[in-house]
Amino acid sequence: MKERYDAQAIEVKWQKRWAEADIFRVTEDPEKKKYYLLEMFPYPSGNLHMGHVRNYSIGDVVARTLKMQGYNVLHPMGYDSFGLPAENAAIKHDTHPAVWTSSNIDNMNMQLKRLGFSYDWEREVQTYRPDYYRWMQWLFIEFWKRGLAYKKENPVNWCPSCQTVLANEQVVDGKCERCGTEVTKKNLSQWYLKITDYADRLLDDLDELPGWPEKVKTMQRNWIGRSEGTEVEFKIKGSDKTVTVFTTRADTLFGTSFMVLSPELPLAEELIASGGFEKECREYQEQVRRMSDIERTSLSKEKTGQFTGWYAVNPLTEKEIPIYIADYVLLGYGTGAVMGVPAHDQRDFEFATKFGLDIIPVVDPGRDDVDVNDLKAAFEAEGRMINSGKYDGMENEAAIAAIREDLEKRGIAKKTVNYKLRDWLISRQRYWGCPIPMVYCEEHGWQPVPEDQLPVLLPTDVEFTGKGESPIATSKSFQNGVCPICGKPAKREVDTMDTFLDSSWYFLRYCDPKNESEAFSKEKVDYWMNVDQYIGGIEHAILHLLYSRFFTKVLYDMGLVSCEEPFKNLLTQGMVLKDGSKMSKSLGNVVAPDEIVEKYGADTARLFILFAAPPEKELEWSDTGVDGSFRFLSRVYRLVYELAPQVASVPRTYTLETKEDKQLAFALNSAIKRVSADVTGRFNFNTAISAVMELVNTMYSYKELDDINLGLLADACDKLVLMLCPFVPHICEELWEGLGREGFASEQPWPECDESALVKDMVLAVVQVNGKLRARIDVPSGLSKEDFEAYVLASDEVKALTEGKNVVKVISVPGKLLNIVIK
RNA sequence: GCCGGGAUGGCGAAAUUGGUAGACGCAAGGGACUUAAAAUCCCUCGAUAGCGAUAUCGUACCGGUUCGAGUCCGGUUCUCGGCACCA
């Protein structure tokens, strides 16, 4: 052991020894309790950033602690390595995406190893490798066989900058999630996965996830957007056609004074052509088409619309109501047609006000502050029915069912459920992704590539223009496929899959990463799944986490896995900030992990990041805070360095003699207790570390005493090192060796708390008068309530407080507190 | 607008079940050691008054429950995040 704490030398030394001894390798072991700890795998951008370091440091502490506690811990790492940046880099540097990706992975692997994370590297998964995407393609075909994958022409989100389509989830505020360019619409034939079939289960099973943050569950609920309502069929006057609307407020049917269709609705086309307002309607449609989604959905925009010339008939009142087209009705939701009830829907109110349509109140608020006959805005809350024939006087909520049932009897209504969730568009017009393993035969339509011909490899003879169609289309041979049914030439799909598919099942491949005959063995997956703890950024709250849940449910239905939910517990870590904002190149406030490792060592970087804030919160990077963490580690190093020669060969048996002995034993065991609870229970690493800091402070004072108990001190040193090992493993290995102990600290059993050392002879109790702190006195521990009160009240200090006063009441918590109520 | 978090010293934060508010650390100030500096060690560190023991106030704001509230309840303000013309 050197005198000075040389982090770099120590870290390189122990990383080498861990690798040589291969101590983080795991296999299925039915004898041991398993624990699957997963951190979100990174995109191989080339360099780790502090967010990664935080994510993986949190995971590593938990993984290492549980390993020491005897769990069989699966703690894997890999790379989500398909995606656009590789393709852009390929265009820019005139290289192949695989070359760029592979060298980035090499570099990041080095960085991860340099940080000392306890991964089983034998299980590394890289999604761009054929041995992975082969099974991605196999899974896609399984989805297709079950009718969960289909190709359809639709207006889709198109990013003009990335030159590809985007899933709804990838459009944020009308802009491309990746590059921020405003998204436009394009009519394209694309592949979809039928996630909407799983909407109910994805929603309902959120209740089975108590270990997920409420925030994430709420976001998913909102995204799925389930709403129950009624579909009602309206006759069109002078036509044999009908319009069906969707409403959650069937109770307001009597108040319907107009109807609105989405301008893109096919039925609207037919009506426009023969309604006598064709010119006006065409102009309006054109006006709407020119608007971007952002403009169109802006709430501040005044309502617009155009009368079609047709009238619908209200099935309850037989009243004729005008039919409009207006852009506030969306094509993709419900039936694309809405009944206008201005009195009880704000949007309809605005529309009716603009076009001078009737506002008929049908729900009476029963409140003085709302005059239903002179509404300033729609009244959307509950009340009693009025102006509604035989339903008058009913609670409006009861009227919803009553009206629906009556209309059902007439065969013109039914109960329905609508979702905001849309099917998942997975085609991407890009090269660097998993090829969609389908061929198109003129006679047999879309057919999957036979299983024995998988993987469909990415062609290498392509041009990266970054424009328009998938670069794969430039390959001379790729498109030449064969129909598996008739054997005639068939055209191969040139689009690739959204990379979110790759990451929707990687956690299953980790369980069996080298399997060449299946995507994963059920036996192995059943042993490890589900993931006991998943850790990653909140930015994946919807996309990745929803898709992975969907995949797991489909695989469950296929009988490939036994769990319906992939991630039992979820921890979403906060961002790493510098000077109050997210680290970014444009702001110039990036702190590179490499620099910190070089200057202070990996242990300091890990310690600081875990100590500075609880994991869910944002973490403000502080250079002086990093100094402080380094200082603490130096202090620990010095403590053990100084004590090692004295304690190395001392037996770890002792009895507690002096008051100081007891204090040290108390500090030691309470630290063990707190660290154990904070690390694997609450995930509050900051308080765990502060508990260890207190222990170190106590040990420093103790060692200066004249009369020290070497056995106790030796034991404290051992346990201090073991407790700290999951946080800062390198320095702890060095200290463990310095203390003359055998084996790796990382492989020792977790220290256990000796509860008897936590029992004190005397404890400090506080005395309050009318709730205000007045005195602190030492009392023997373990007194009964009566004895405690008697002891405290008999003390001189307390007597002085009550002297000449009228004591009304005494409340006590034995050993802790006594409150005297005085009048 | 709807939903979900937050608000505690100069700063990051503790307070786990309603029971000593500010643990632990950073910064700052003072001191020891040193020719000097670094490193290290010791002390002070919410506000006000006081030499001091101590007293009063203090967890965004107003009110309530309670012997006792940072914690529970009602209301308000500010703030962060998500969703949003979804009928």
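Small disclaimer: the values here were computed from a predicted structure and weren't measured. Numbers restart at 1 for each chain; the letters A, B, ... are given by sequence-line order, proteins then strands.
Considering only side-chain N and O atoms, A:Tyr333 lies under 4.0 angstrom from the phosphate OP1 or OP2 of B:A87. Contact annotation: A:Arg774 does not reach the phosphate of B:U20 (side-chain N/O to OP1 or OP2, under 4.0 Å). A sub-4.0 Å separation between OP1 or OP2 of B:C2 and a side-chain N or O of A:Lys420 is absent. Using a 4.0 Å cut-off, some side-chain N or O of A:Arg631 falls inside it from OP1 or OP2 of B:A27.
Residue contacts shown for A:Val692 are absent, as no nucleic acid heavy atom lies under 4.0 Å away. No contact: A:Gly334 has no heavy atom under 4.0 Å from any strand. Within the nucleic acid shown, A:Arg638 comes within 4.0 Å of sugar-phosphate atoms alone, with no base atom in reach, counting heavy atoms only.
As rounded to whole Å, 12 Å separates atom P of B:C24 from atom CZ of A:Arg635. What separates CG of A:Leu773 from P of B:G58 is a distance of 15 Å, to the nearest Å. Atom CZ in A:Arg776 sits about 13 Å away from atom C1' in B:U54, given to the nearest Å. Distance A:Trp223 CH2 to B:G81 P: 18 Å, rounded to the nearest Å. Atom pair A:Asn222:CG and B:G81:P shows a separation of 17 Å (rounding to whole Å applied). The nearest whole Å value for the distance from the CG atom in A:Asp627 to the P atom in B:A38 is 14 Å. Between the CH2 atom of A:Trp212 and the P atom of B:G5 there is a distance of 17 Å, given to the nearest Å. Distance A:Leu577 CG to B:G81 C1': 13 Å, rounded to the nearest Å.
Rounded to whole Å, the separation between the C1' atoms of B:A69 and B:G74 comes to 15 Å. Distance noted for atom P between B:A7 and B:G12: 12 Å (whole Å). Distance noted for atom P between B:G9 and B:U48: 15 Å (whole Å). Comparing the same atom, P, in B:G6 and in B:C73 gives a spacing of 13 Å after rounding to whole Å. As rounded to the nearest Å, B:C33 and B:C45 have P atoms that lie 24 Å from one another. Here, B:A27 and B:A38 have their P atoms 14 Å apart, quoted to the whole Å. Comparing B:G46 with B:U20, their C1' atoms are spaced 16 Å from each other, to the whole Å. Only the P atoms considered, B:U56 is 26 Å distant from B:U8, to the nearest whole Å.
Checking side-chain atoms of A:Thr247 against main-chain N and O of A:Arg249 turns up a donor-acceptor pair under 3.5 Å. Proximity of a side-chain donor or acceptor of A:Asn684 to a complementary backbone N or O of A:Thr687 within less than 3.5 Å is not detected.
Consecutive Watson-Crick or G-U pairing (both distances under 3.5 Å) extending over three or more pairs maps onto RNA chain B as B:1-7 with B:77-83, B:10-12 with B:24-26, B:28-32 with B:40-44, B:46-49 with B:54-57, B:60-64 with B:72-76.
Under the 4.0 Å criterion applied to side-chain N and carboxylate O atoms, A:Glu616 and A:Lys215 are not assigned as salt-bridge partners. Using a 4.0 Å cut-off between charged nitrogen and carboxylate oxygen, A:Glu264 and A:Arg289 do not count as a salt-bridge pair. Remark: A:Asp207 engages A:Arg221 in a salt bridge, criterion side-chain N to carboxylate O under 4.0 Å.
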(request) Tell me, with the steps shown, if A:Thr304 and A:Tyr284 meet side-chain hydrogen bond (donor to acceptor under 3.5 Å, both in side chains). (result) CA-CA 9 Å; A:Thr304 58; A:Tyr284 182 72; 2.7 Å; yes
(request) For the pair A:Ser227 and A:Asn418, evaluate side-chain hydrogen bond (donor to acceptor under 3.5 Å, both in side chains) and give the outcome as yes or no after the intermediate values. (result) CA-CA 5 Å; A:Ser227 88; A:Asn418 264 301; 5.7 Å; no
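Note on ring orientation: taking the six-membered ring where Trp is involved, the planes of A:Tyr637 and A:Tyr641 are parallel (angle under 30°, cut-offs 30° and 60°). A parallel orientation is assigned to the rings of A:Tyr547 and A:Trp424, their planes being inclined by less than 30° (bins at 30° and 60°).
Atom NZ of A:Lys703 sits in a crowded spot, with more than 12 heavy atoms from other residues, nucleotides or ligands closer than 6.0 Å. Counting heavy-atom neighbours within 6.0 Å of A:Lys354 NZ, excluding the residue itself, gives a total above 12. Atom NZ of A:Lys785 has more than 12 heavy atoms from other residues, nucleotides or ligands within 6.0 Å.
Taking the six-membered ring where the residue is Trp, the centroids of A:Phe355 and A:Phe258 are separated by 6.0 Å or more.
Glycosidic torsion of B:G9 falls within 90° of 0, placing the base in syn.
Each of A:Met693 and A:Val172 was assigned the nucleotide of RNA chain B with the nearest heavy atom; the assignment lying further toward the 5' end belongs to A:Met693. Of the two residues contacting RNA chain B, namely A:Asp348 and A:Tyr700, the nearest-nucleotide position lying further toward the 5' end is that of A:Tyr700.
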(request) Between protein and nucleotides 64-74 of chain B, map the contacts as a letter string: B base, S sugar-phosphate only, - none, heavy atoms under 4.0 Å, written 5' to 3'. (result) ---BS------
(request) Going 5' to 3' through nucleotides 6-16 of chain B, assign each nucleotide B (protein heavy atom under 4.0 Å from a base atom), S (under 4.0 Å only from sugar-phosphate atoms) or - (no protein heavy atom that close). (result) ------BSSSS
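A:Lys215 contributes no side-chain N or O that forms a donor-acceptor pair with the base of B:C3 under 3.5 Å.
Under the ring-ring contact (aromatic ring centres under 6.0 Å, His included) rule, A:Phe608 has a single partner from A:Tyr600, A:Phe630, A:Trp621, which is A:Trp621.
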